[in-house]
Amino acid sequence: MSYARKPRTERETALVERANRLIPTGLRSTSIRNELMFVVERALGARLWDASGNEYVDYLLGSGPMVLGHAHPAVVSAVRERLAGGTTYLILSEPPLELAQRIVELVPCAEQVLFQCSGTDATGYAVRIARAATGRTKVLKFEGAYHGMGEWSLMSNQWTHELADYPRAVPNSDGIPASVRGLTLIAPWNDLDAAVRIIEENHDDLACVIVEPLQRTFPPRPGFLAGLRDVTRALDIPFVFDEVVTGFRLALGGAQERYGVVPDLCALGKSISGGHPIGVLCGAERYMRFANPLRRFAGEPYVMASGTFSANPISATAGLACLAELEKPGVYERIQATGQRLMEGLRAAFDEVAIPVQVTGEPSCFEAWFTDQPVYDHRSSLAADVFKRMRFTELLLEHGVVKAHEKFFVSAAHGEGEIEHTLWAFRAAARALAADDEDTPCECW
Ligand SMILES: Cc1ncc(COP(=O)(O)O)c(C=O)c1O
């Protein structure tokens with residue numbers, strides 16, 4: 001097997017230069033160096049093509065949403081048909097109503113549903129509803145978890161290198177008022193005793209506890225989510241699952257089905273709409289009803305929840321087509337089997353060159369950490385060699401495989417050809433990393 005990545009054409013170079021001039025983030029939407037990044041020309045199934053004609057196997061999948069692969073024919077044809085009827089009305093139409101019905105049928109905690117445009121919106125409304133329902137203001141999240149770009153949530157996420165004593169939050173961005181920092185409390189993922197202690201000590205102020213049930217690629221330890229469920233129930237604190245990644249990716253019922261724990265509220269996005277902008281907050285009627293505008297006229301606590309493109313008929317149509325595909329027998333089993341082969345192939349490639357690696361996550365969403373120590377949360381992941389990880393991501397790119405800096409997403413469209421190519425790229429990247437190690441002078445001489 002071979003793969004020779006073509007250099008950037010003049011046209012793509014011009015596009016990159018224009019991007020860097022016009023858009024402050026440029027091409028830096030992943031952590032891959034600008035010199036190696038590319039402009040996407042098109043995508044189909046599990047493959048991407050760049051503007052210089054290079055073809056890649058895609059495990060970035062638009063940061064997760066393309067669980068069926070790109071441009072799935074059933075989604076494309078449903079959307080195409082719907083487009084002729086107009087694209088947005090503000091007034092409710094049938095596709096979002098039908099999608100709400102399917103969510104209530106499939107997601108264990110869902111009794112009612114609110115639509116937004118992004119995962120950030122969905123987690124933001126979860127927090128606002130929790131605050132209105134409890135009259136309390138603080139949010140407890142876990143170190144290393146990501147819940148979108150809201151001010152309360154851009155704290156101690158996966159890009160945090162400064163470690164503070166729990167439960168003190170470390171902001172991940174400037175431009176967030178200092179007063180917001182104290183409203184977010186941080187607990188260690190997978191340490192139930194420490195988390196329960198922080199929750200009990202702060203329960204008078206806690207509006208909610210929010211988790212990514214599979215935190216990035218760190219699965220919950222047995223009993224961890226159930227323990228959080230117990231303590232939040234006992235103290236009457238809304239328990240929120242951020243299933244923006246795990247929803248419709250781990251299973252039709254998401255992490256709630258996979259791990260057998262049912263929260264009060266759940267944020268969804270990404271995989272639910274076959275690659276169209278969406279956010280969904282669903283959950284127990286006891287909390288969701290705070291968004292009913294009639295409460296305002298009755299003088300009851302009320303959360304305003306609206307948006308120009310919310311309940312968008314195109315995204316909902318794509319969502320319905322996507323769910324119909326995901327419900328076909330064998331889809332999740334196929335994704336699971338593909339992911340398992342890739343995880344095993346990754347381990348084997350590095351075993352062969354004697355580079356210690358930990359592969360964490362679930363088959364549909366996993367990552368490699370270069371360390372011989374166990375990795376189970378954000379702090380333990382910091383022991384891994386971050387430069388090796390970045391170099392691995394870049395070596396894969398040079399061998400025609402695209403992944404996010406922090407994980408591989410697997411789709412139902414990854415087939416035998418893509419798997420074989422990826423396993424070959426793993427071995428080639430492992431050999432190159434081993435050669436790098438040989439070139440590095442040993443510190444003991
Ligand atoms: C777990 C999780 N929650 C929330 C979000 C935010 O979603 P969006 O980018 O659609 O705002 C993301 C995005 O990556 C996510 O991974």
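Numbering of ligands and ligand atoms starts at 1, following listing order. Nothing fancy with the numbering, it's 1 onward along the sequence. All figures in this text were calculated on a predicted structure; none of them were measured in a lab. Note that these values count all heavy atoms, side chains included, but never hydrogens, waters or copies made by symmetry.
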Under a 3.5 Å threshold, yes or no: a donor from one side chain and an acceptor from the other, between Ser156 and Glu143?
no
Within the structure, is a non-hydrogen atom of Lys270 found at a distance of less than 4.0 Å from ligand 1?
yes
Nearest non-hydrogen contact to atom 16 (O) of ligand 1 from the set Arg216, Lys407, Glu243 belongs to Arg216
Check Phe408, Phe350, Tyr59 against Phe426 for a ring pair (Phe, Tyr, Trp, His ring centres under 6.0 Å) and give me the one that passes.
Phe408
Considering only heavy atoms of Ser118, which atoms of ligand 1 have at least one such atom less than 4.0 Å away?
10 (O), 11 (O)
Specify the protein heavy atom at minimum distance from atom 7 (O) of ligand 1: its residue, its atom name, and the distance to 0.1 Å.
Gly119 CA, 3.3 Å
Polar contact flag, side-chain donor to acceptor under 3.5 angstrom, Tyr302-Asn292
no
Between the side chains of Glu105 and Gln101, does any donor sit under 3.5 Å from an acceptor?
yes
Within a distance under 4.0 Å of any heavy atom of Thr120, pick out the atoms of ligand 1 and give their elements.
6 (C), 7 (O), 8 (P), 11 (O)
Do you know the tightest heavy-atom contact between Ala349 and Ala430?
O-CB, 3.5 Å
From the list Glu394, Glu406, Glu367, side chain to side chain donor-acceptor pair (under 3.5 Å) partner of Arg389 resolves to Glu367
Do any nitrogen or oxygen atoms of His147 lie less than 3.5 angstrom from nitrogen or oxygen atoms of ligand 1?
no
For Glu327, I'd like to know if atom CD has over 12 heavy atoms of other residues, nucleotides or ligands within 6.0 Å.
yes
Less than 3.5 Å between some nitrogen or oxygen of Glu212 and one of ligand 1, yes or no?
no
Yes or no, since that's all I need: does a protein heavy atom fall within a distance strictly under 4.0 Å of atom 9 (O) of ligand 1?
no
Closest approach of any protein heavy atom to atom 3 (N) of ligand 1, naming residue and atom:
Asp242 OD2, 2.6 Å
Atom 15 (C) of ligand 1 [closest protein heavy-atom partner, distance rounded to 0.1 Å]:
Tyr146 CD2, 3.6 Å
